[in-house]
2 protein chains.
Amino acid sequence: MRTRAASSKPTIRDVAAEAGVSIATVSRALNGRAPIASETAKKVQAAVQALGFRANRTGRELRAGTSRTVGVLVPSLANPVFAESVAGIQDAAREAGWSVLIASSAYEAERENQAIEHLLSHRVGGLVLTVADADRSATLDGLDREGMPYVLVYNQPDRADRSSATIDNIAAGRDATRALIAAGRTRLAMVAGRFAASDRSKQRYRGFGEALAEAGLSQVALIELGFDAPEVDGPTRRLLTGPDRPTGLFCSTDLLALRVMALLREAGLRVPDDVAIVGFDGIPVGRLTAPSLATIAQPSHEMGRRAFLHLLARIEGAAPERILLPYELRPGGSLPPGR
Amino acid sequence: MRTRAASSKPTIRDVAAEAGVSIATVSRALNGRAPIASETAKKVQAAVQALGFRANRTGRELRAGTSRTVGVLVPSLANPVFAESVAGIQDAAREAGWSVLIASSAYEAERENQAIEHLLSHRVGGLVLTVADADRSATLDGLDREGMPYVLVYNQPDRADRSSATIDNIAAGRDATRALIAAGRTRLAMVAGRFAASDRSKQRYRGFGEALAEAGLSQVALIELGFDAPEVDGPTRRLLTGPDRPTGLFCSTDLLALRVMALLREAGLRVPDDVAIVGFDGIPVGRLTAPSLATIAQPSHEMGRRAFLHLLARIEGAAPERILLPYELRPGGSLPPGR
DNA sequence: TTGTAGGCGTTATCAG
DNA sequence: CTGATAACGCCTACAA
């Protein structure tokens, strides 16, 4: 029986020696894929216990050529909506015995690429991601070229060959806007972060425009706030609070909606009396503010969960699928009930 | 020159063949640790480009016996404060060329253990974690036994042998409470989630008690709300809103504080007129509510960052360190200025 | 400066 | 049912 340095971890070889069997038997006993005498299995278990053996995934992965690890890329963990989808991915992964390797893009295309490159170097089994623009993304093109399976979350691609788990952003944008119109608001605008960095925003804007059109309203204003900077520049501020200000706002995310509510409050405007607001995402804090935030509630956790499960299917060879989950217009004090 | 299936990824061997050198040379050229003729280096680079080669970390890790991957364990990603620290860890890890493997415990000791076990099976280089109780944790005992380096975040252990990056929770709890007292509030209570699941809460409670004592106030009420359930039971509700209700509340987290504010509002009480509130964490949304939330602002991102950097040091053999970062009592509308 | 070769821990194949 | 052995991709003595 080989002796080992105390510092180094026991390997399958040590277990074999301890149990008095071959390493092949240990491997089989551990993975339970092959027939094993229950007597032998018991000996192996005992040896595992005695040595505190823990299988080294690295060895397994090298052998297998792939890992039961999913790479996850989100724009930012600071936005609770993304953190929530990661939690969903994580829960599903844990149940399936998979691990989660995480990276974030900070909404930048270059970081997006670097992060993916990094995740791929780990030979992840697949990826779950949220990218800037799902239909034209060099990153995704690269993945397609390599045959690396992935599923998008939040992104809602037009292309049928790109798997996704999301809600219908256009319809949701339309519903949010209709709700504002139903509440009697006619001077409407949409507020987005950085339009260029979010295909979702564009889709929501399209729904916004459609709802305006069907109501015969022509004005389709778009106000960009940017993601990080809490400061809003003068012109933008005037757009929101000046004499021609909108009486209803559809915000592309809840975080933006909360920022806008704070900004309006500072300017002495009242929500919803002066300005009605509908957000998008359904982050939990939206229920706690005063007034509470009316919003399009996405099932973020479930989206992450479903994305992971579909990823497993893709890895097994299933065809791409665009999973559309139900959303809900969650009422809130920021949007008074229809007249 | 060997041919390869198109589906399988190029290895160092393919690069060697393409460049007309040995695999050892390729390895050296890639890692730049050994002297290489610039001519050779160029050939290797060209081959790498031509083949789209990406080094397989699994092979490297197996060989090295360790991975440049940090395991991260947090109670939940749903609380922005933890998500923020993860973002900090991640940023630092990315800069150092490390990867981040993530898991969460859902505030449950058993899950905590399973998650760690899982992370260890990846042969992570070290861990950054937030546990229920840093001074008595079977999980941490196990890590100590194995000599696996780790650094705690948010936890503030008494034991000097456990590395951490945190703020001084006792002092912060004291400062928050002093601020309530300075605002003229004398009937005070502290609100926590699940006390048992958070050593931080206990430390903050201690600071709360100390501030009361030094002001000659005797009542040291503690109100537990639980983490998830948005519903609050009748007795607890009466404690907060009944005739003997506190006029000042110190909440153990901002999320709790926001829940309490909503609850008080429902009950027809005004913040801060009827009840002043100070939270803890400094999550960004706290600035956006009406009234805004006075709180102890922790440098969560920086804490994650520092924790990771200290972990690297620990891995290199540095001694454990309890890093104490500065916090700030951030004023807000929920706490009127002192009389 | 470069090449050869062995082995990291695991699983799968092929014999017994 | 079990054992011996050959990879998986990479790095690093040791030789040249």
Side-chain angles (χ1 to χ4, degrees), chain A residues 2 4-5 7-45 47-48 51-69 97 99 120-125, chain B residues 2 4-5 7-44 47-48 51-69 97 120-125:
Chain A
R2 239 173 26 146
R4 305 187 50 84
S7 65
S8 115
K9 307 194 163 27
T11 76
I12 203 174
R13 208 163 233 96
D14 303 307
V15 177
E18 175 82 13
V21 298
S22 76
I23 59 168
T25 300
V26 174
S27 174
R28 285 189 281 248
L30 258 38
N31 298 303
R33 292 202 191 292
I36 285 280
S38 68
E39 186 66 15
T40 313
K42 216 166 295 174
K43 282 195 296 187
V44 171
Q45 284 310 330
V48 165
L51 273 57
F53 170 78
R54 181 185 302 124
N56 183 337
R57 276 179 195 254
T58 313
R60 188 196 311 244
E61 289 171 8
L62 180 56
R63 172 65 224 237
T66 179
S67 66
R68 293 170 76 81
T69 296
S99 307
L120 291 186
S121 75
H122 280 276
R123 296 301 190 266
V124 291
Chain B
R2 232 167 41 137
R4 306 188 48 83
S7 64
S8 116
K9 306 192 166 27
T11 77
I12 202 175
R13 208 164 233 96
D14 302 308
V15 178
E18 175 81 14
V21 297
S22 75
I23 60 168
T25 301
V26 175
S27 174
R28 286 190 278 250
L30 258 37
N31 298 304
R33 291 201 192 294
I36 285 281
S38 68
E39 186 66 16
T40 312
K42 216 166 294 174
K43 280 194 296 187
V44 172
V48 165
L51 273 57
F53 171 78
R54 180 186 302 124
N56 182 337
R57 276 178 194 254
T58 313
R60 189 198 311 247
E61 289 172 9
L62 182 57
R63 171 67 222 242
T66 181
S67 66
R68 294 170 76 81
T69 296
L120 291 186
S121 75
H122 279 275
R123 295 301 188 267
V124 291

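Quantities reported herein were computed from a predicted structural model and do not represent experimental measurements. In the text below, chain A, chain B and the rest are named by the order of the sequence lines, each starting its count at 1.
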**Q** Give me the atom names and distance for the closest heavy-atom approach of Gly52(A) to Pro10(A).
**A**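 Here Gly52(A) and Pro10(A) meet closest at O-CG, 3.9 Å.
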**Q** Is there side-chain contact between Leu120(A) and Arg54(B), with heavy atoms separated by less than 4.5 Å?
**A**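 Side-chain contact under 4.5 Å: yes.
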**Q** Does Ser22(B) put a side-chain nitrogen or oxygen below 4.0 Å from OP1 or OP2 of dG3(C)?
**A**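 Result: yes.
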**Q** So, using side chain to side chain contact (heavy atoms under 4.5 Å, CB included) as the criterion, who are the partners of Leu30(A) when residues are at least two apart?
**A**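 Partners of Leu30(A) by the side chain to side chain contact (heavy atoms under 4.5 Å, CB included) criterion, ordered by chain and then number, come out as Val26(A), Val44(A), Val48(A), Phe53(A).
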**Q** Please produce a list of atom pairs where a protein N or O lies less than 3.5 Å from an N or O of nucleotides 12-16 of chain D.
**A**
residue	atom	partner	partner atom	Å
dT12(D)	O4'	Arg63(B)	NH1	3.4
dT12(D)	O4'	Arg63(B)	NH2	3.4

**Q** Ignoring the backbone of Ile12(A), work out which of dT10(C), dG9(D), dT1(C) is nearest its side chain.
**A**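 Closest nucleotide to the Ile12(A) side chain: dT10(C).
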**Q** Look at the side chain of Thr40(A) and decide which nucleotide, out of dG3(C), dC1(D), dT1(C), has an atom nearest to it.
**A**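 Within the option list, the nearest is dC1(D).
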**Q** Check side chain to side chain contact (heavy atoms under 4.5 Å, CB included) between Ala41(B) and all other residues, then give those that pass, not counting sequence neighbours.
**A**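 Applying side chain to side chain contact (heavy atoms under 4.5 Å, CB included) to Ala41(B) gives Ile36(B).
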**Q** For side-chain hydrogen bond (donor to acceptor under 3.5 Å, both in side chains), just list the numbers for Ser99(A) and His122(B), CA-CA rounded to whole Å, side-chain angles, deciding distance to a tenth of an Å, and then say yes or no.
**A** CA-CA 9 Å; Ser99(A) 307; His122(B) 279 275; 2.5 Å; yes
**Q** Can you sort out which residues in residues 53-62 of chain B have a heavy atom within less than 4.0 Å of DNA chain D? Ascending by number, please.
**A**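 Here the set is Phe53(B), Ala55(B), Asn56(B), Gly59(B), Arg60(B).
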**Q** Under the side chain to side chain contact (heavy atoms under 4.5 Å, CB included) test, which residues partner Ile23(B), sequence neighbours left out?
**A**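 Side chain to side chain contact (heavy atoms under 4.5 Å, CB included) list for Ile23(B), sorted by chain: Ile12(B), Arg13(B), Ala16(B).
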**Q** On DNA chain C, check which nucleotide each of Ala64(B) and Val21(B) is closest to and give me the residue with the more 5' one.
**A**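 Its nucleotide being nearer the 5' end, the pick is Val21(B).
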**Q** Provide the full list of side chain to side chain donor-acceptor pair (under 3.5 Å) pairs with a residue in residues 56-66 of chain B, sequence neighbours left out, each pair given once.
**A**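 For residues 56-66 of chain B, and leaving out neighbouring residues, the side chain to side chain donor-acceptor pair (under 3.5 Å) pairs sorted by first residue read His118(A)-Arg57(B), Ser121(A)-Arg57(B), Asn31(B)-Arg60(B), Asn56(B)-Thr58(B).
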